[in-house]
Visitor: 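If you scroll down you'll find the structure; I have some questions about it.
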Number of protein chains: 2
Amino acid sequence: MDAERRLRSRGYRLTPQRRAVLEALAGEGGRPLDTSQIHKRVSREFPGIGLATVYRTLELLVELGIALPVHLHEGSRHYELNTGEHRHHLVCLSCGEVQPFRGCDPGELAERVRDESDFLVTSHCLSLFGICGSCRSPGRGR
Amino acid sequence: MDAERRLRSRGYRLTPQRRAVLEALAGEGGRPLDTSQIHKRVSREFPGIGLATVYRTLELLVELGIALPVHLHEGSRHYELNTGEHRHHLVCLSCGEVQPFRGCDPGELAERVRDESDFLVTSHCLSLFGICGSCRSPGRGR
DNA sequence: CTATCAAATGATAATAATTATCAAAAAGCA
DNA sequence: TGCTTTTTGATAATTATTATCATTTGATAG
Ligand SMILES: [Mn+2]
Ligand SMILES: [Mn+2]
Ligand SMILES: [Zn+2]
Ligand SMILES: [Zn+2]
């Protein structure tokens, strides 16, 4: 795992707890998880791990660019591994299913902004809401 | 104000408190405000207004489509009046300035999503982060 | 291998945002 | 005016997040 190098090069240790958080984020198809979900999963391997450790680990992983914060409109933030691929998410308002969306071009977006202002875009946050295919097809709803 | 009709048609009353919240959202160039900012402004006219009333009013205004929730990455949500114009916001990471961005075409976005999935987009949430013009120009920074 | 020191953890308290309750006040109407 | 429903304000309860601090762990020097 490349995360270990990025941690060590900054003087941080890859502890078992941190490894477990990384594995939780990597599992289950890499869907974005909130802190509670991550804590539950890590607890299977580390019964009694503190919720604060989960928060601290996520904060660190985001700082190092290993994880990305995702906003899915509810109360709590979600996190996902930074795969290097630029993507956002489609959130089904009916079943809650979250799937990745890759049709966003950050460069083109920044240009469009520059056209109407002198603002320099360095990052953005996009979430798309609607109804997923399963919820729309009559046969195979869930 | 058209908000009054929308309220009354659903059996709600346009109370002085609700009017004050609407005025707070309309003032100051219609910038998105969080609940604390709204509460402070309304308190000038209504000393002792409950914070819960502000929350309840915002929830109602959003339900009726009179106000829109805006996510600007920090802890608390922001709200703005629904002007009917589709727009998002540019958030300066240096000075915190927030300015509207109108270069988003929801229809085109929905099409792009349909191209790569069978997801039907009904709404989306976009925030753009970066450095504003004032913070980049050496002479007139703030 | 053991002593040492900084980093990390777990338990817990403290904040902060939001929501729920409920009795009192206000508004609309007979 | 009296009755009914809505709305409010005060307050408690939740929930998410951050801060503290004593203890443990991991790396390293001797
Ligand atoms: Mn994007
Ligand atoms: Mn848009
Ligand atoms: Zn669905
Ligand atoms: Zn700025």
Side-chain angles (χ1 to χ4, degrees), chain A residues 1 3-24 32-64 66-79 125, chain B residues 3-24 32-64 66-79:
Chain A
M1 196 170 303
E4 180 160 6
R5 245 180 308 158
R6 256 181 287 183
L7 281 163
R8 289 215 194 290
S9 72
R10 296 258 246 131
Y12 297 108
R13 301 167 184 171
L14 179 55
T15 63
Q17 289 90 339
R18 287 176 179 166
R19 191 189 298 275
V21 169
L22 284 166
E23 281 167 7
L33 304 174
D34 65 27
T35 45
S36 169
Q37 294 170 315
I38 294 169
H39 182 248
K40 273 199 202 87
R41 290 184 187 210
V42 175
S43 292
R44 292 205 281 262
E45 191 179 348
F46 283 89
I49 186 177
L51 186 53
T53 296
V54 172
Y55 274 99
R56 279 185 296 235
T57 300
L58 289 168
E59 182 187 21
L60 178 62
L61 295 180
V62 168
E63 181 196 328
L64 298 181
I66 298 169
L68 295 174
V70 179
H71 292 260
L72 298 180
H73 246 203
E74 312 89 40
S76 66
R77 222 168 310 177
H78 290 61
Y79 297 89
C125 169
Chain B
E4 180 161 4
R5 245 180 308 158
R6 257 182 289 183
L7 281 163
R8 290 215 195 289
S9 72
R10 296 258 247 130
Y12 297 109
R13 300 169 185 171
L14 179 55
T15 63
Q17 289 91 339
R18 286 176 179 165
R19 189 190 300 275
V21 169
L22 283 167
E23 280 166 8
L33 304 173
D34 65 27
T35 46
S36 168
Q37 295 169 317
I38 294 168
H39 182 249
K40 274 199 202 85
R41 292 184 186 212
V42 174
S43 292
R44 292 205 281 263
E45 190 180 348
F46 282 90
I49 186 176
L51 186 53
T53 297
V54 172
Y55 273 99
R56 279 185 296 233
T57 300
L58 289 167
E59 182 188 21
L60 179 62
L61 294 180
V62 168
E63 182 196 327
L64 298 181
I66 297 169
L68 295 174
V70 178
H71 292 261
L72 298 181
H73 246 205
E74 312 90 39
S76 65
R77 221 167 311 176
H78 290 61
Y79 297 88

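These values consider heavy atoms only, across backbone and side chains, with no hydrogens, waters or symmetry-generated copies. Labels below follow one simple rule: chain letters A, B, ... track the order of the sequence lines, proteins then strands, and each chain is numbered from 1.
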Visitor: Less than 4.0 Å between a side-chain N and a carboxylate O, is that true for B/Arg8 and B/Glu4?
Guide: yes

Visitor: What residues in residues 39-46 of chain A put a non-hydrogen atom under 4.0 Å from any atom of DNA chain D?
Guide: none

Visitor: Going by atom type alone, with no hydrogens or angles, which donor-acceptor pairs under 3.5 Å involve a side-chain atom of residues 47-60 of chain B and a protein atom two or more places apart or on another chain?
Guide:
unit_1: B/Thr53; atom_1: OG1; unit_2: B/Arg56; atom_2: NH2; d: 3.2
unit_1: B/Tyr55; atom_1: OH; unit_2: B/Thr35; atom_2: OG1; d: 3.1
unit_1: B/Thr57; atom_1: OG1; unit_2: B/Thr53; atom_2: O; d: 2.7

Visitor: Give, ordered by number, those residues of residues 52-64 of chain B having at least one heavy-atom distance below 4.0 Å to an atom of DNA chain C; if nothing qualifies, reply none.
Guide: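 B/Ala52, B/Tyr55, B/Arg56 - these, ordered by number, are the residues of the stretch whose heavy atoms sit under 4.0 Å from the strand.
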
Visitor: Would you confirm whether A/Arg18, through its side chain, and A/Arg13, through its main-chain N or O, come within 3.5 Å as a donor-acceptor pair?
Guide: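 Checked: pair present.
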
Visitor: State, without any angle test, whether B/His78 and B/His71 hold a side-chain donor-acceptor pair at a distance under 3.5 Å.
Guide: no

Visitor: If you look at every heavy atom in B/Ala24 and B/Ile38, which pair is closest and at what distance?
Guide: CB-CG2, 4.5 Å

Visitor: Measure the spacing between CZ of A/Phe46 and NE2 of A/His39 and express it to the nearest 0.5 Å.
Guide: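 One finds 12.0 Å between CZ of A/Phe46 and NE2 of A/His39.
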
Visitor: Would a distance-only check, ignoring hydrogens and angles, find a side-chain to backbone donor-acceptor pair under 3.5 Å from B/Gln37 to B/Asp34?
Guide: yes

Visitor: So which atom in B/Glu45 and which in B/Ala20 form the shortest heavy-atom distance, rounded to 0.1 Å?
Guide: OE1-CB, 3.8 Å

Visitor: Would you mind classifying the nucleic acid contact of A/Thr35 as base, sugar-phosphate or nothing, using non-hydrogen atoms under 4.0 angstrom?
Guide: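 If one applies the 4.0 Å heavy-atom cut-off, A/Thr35 turns out to touch the sugar-phosphate alone, with no base involved.
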
Visitor: How many Å lie between CG on A/Leu14 and C1' on C/dT9, as a whole number?
Guide: 15 Å

Visitor: Taking only residues two or more places apart in sequence, or in another chain, which ones meet A/Arg6 in a side chain to side chain donor-acceptor pair (under 3.5 Å)?
Guide: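 Residues passing side chain to side chain donor-acceptor pair (under 3.5 Å) with A/Arg6: A/Asp2.
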
Visitor: With rounding to the nearest 0.5 angstrom, report the CZ to CZ distance, A/Arg10 to A/Arg5.
Guide: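 That separation rounds to 15.0 Å.
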
Visitor: Using a 4.0 Å heavy-atom cut-off to protein, can you give one letter per nucleotide of nucleotides 24-30 of chain C, 5' to 3': B if the base is in contact, S if only the sugar-phosphate is, - if neither?
Guide: ---B---

Visitor: Taking any atom closer than 4.0 angstrom to a non-hydrogen atom of chain A, what span of DNA chain D does the protein reach, first nucleotide to last?
Guide: D/dA16 to D/dG26

Visitor: For the CG atom of A/Leu61 and the CD atom of A/Glu63, what is their distance to the nearest 0.5 Å?
Guide: 10.0 Å

Visitor: Find out whether A/Leu33 and A/Tyr79 are in side-chain contact, i.e. whether some heavy atom of one side chain is under 4.5 Å from a heavy atom of the other.
Guide: no

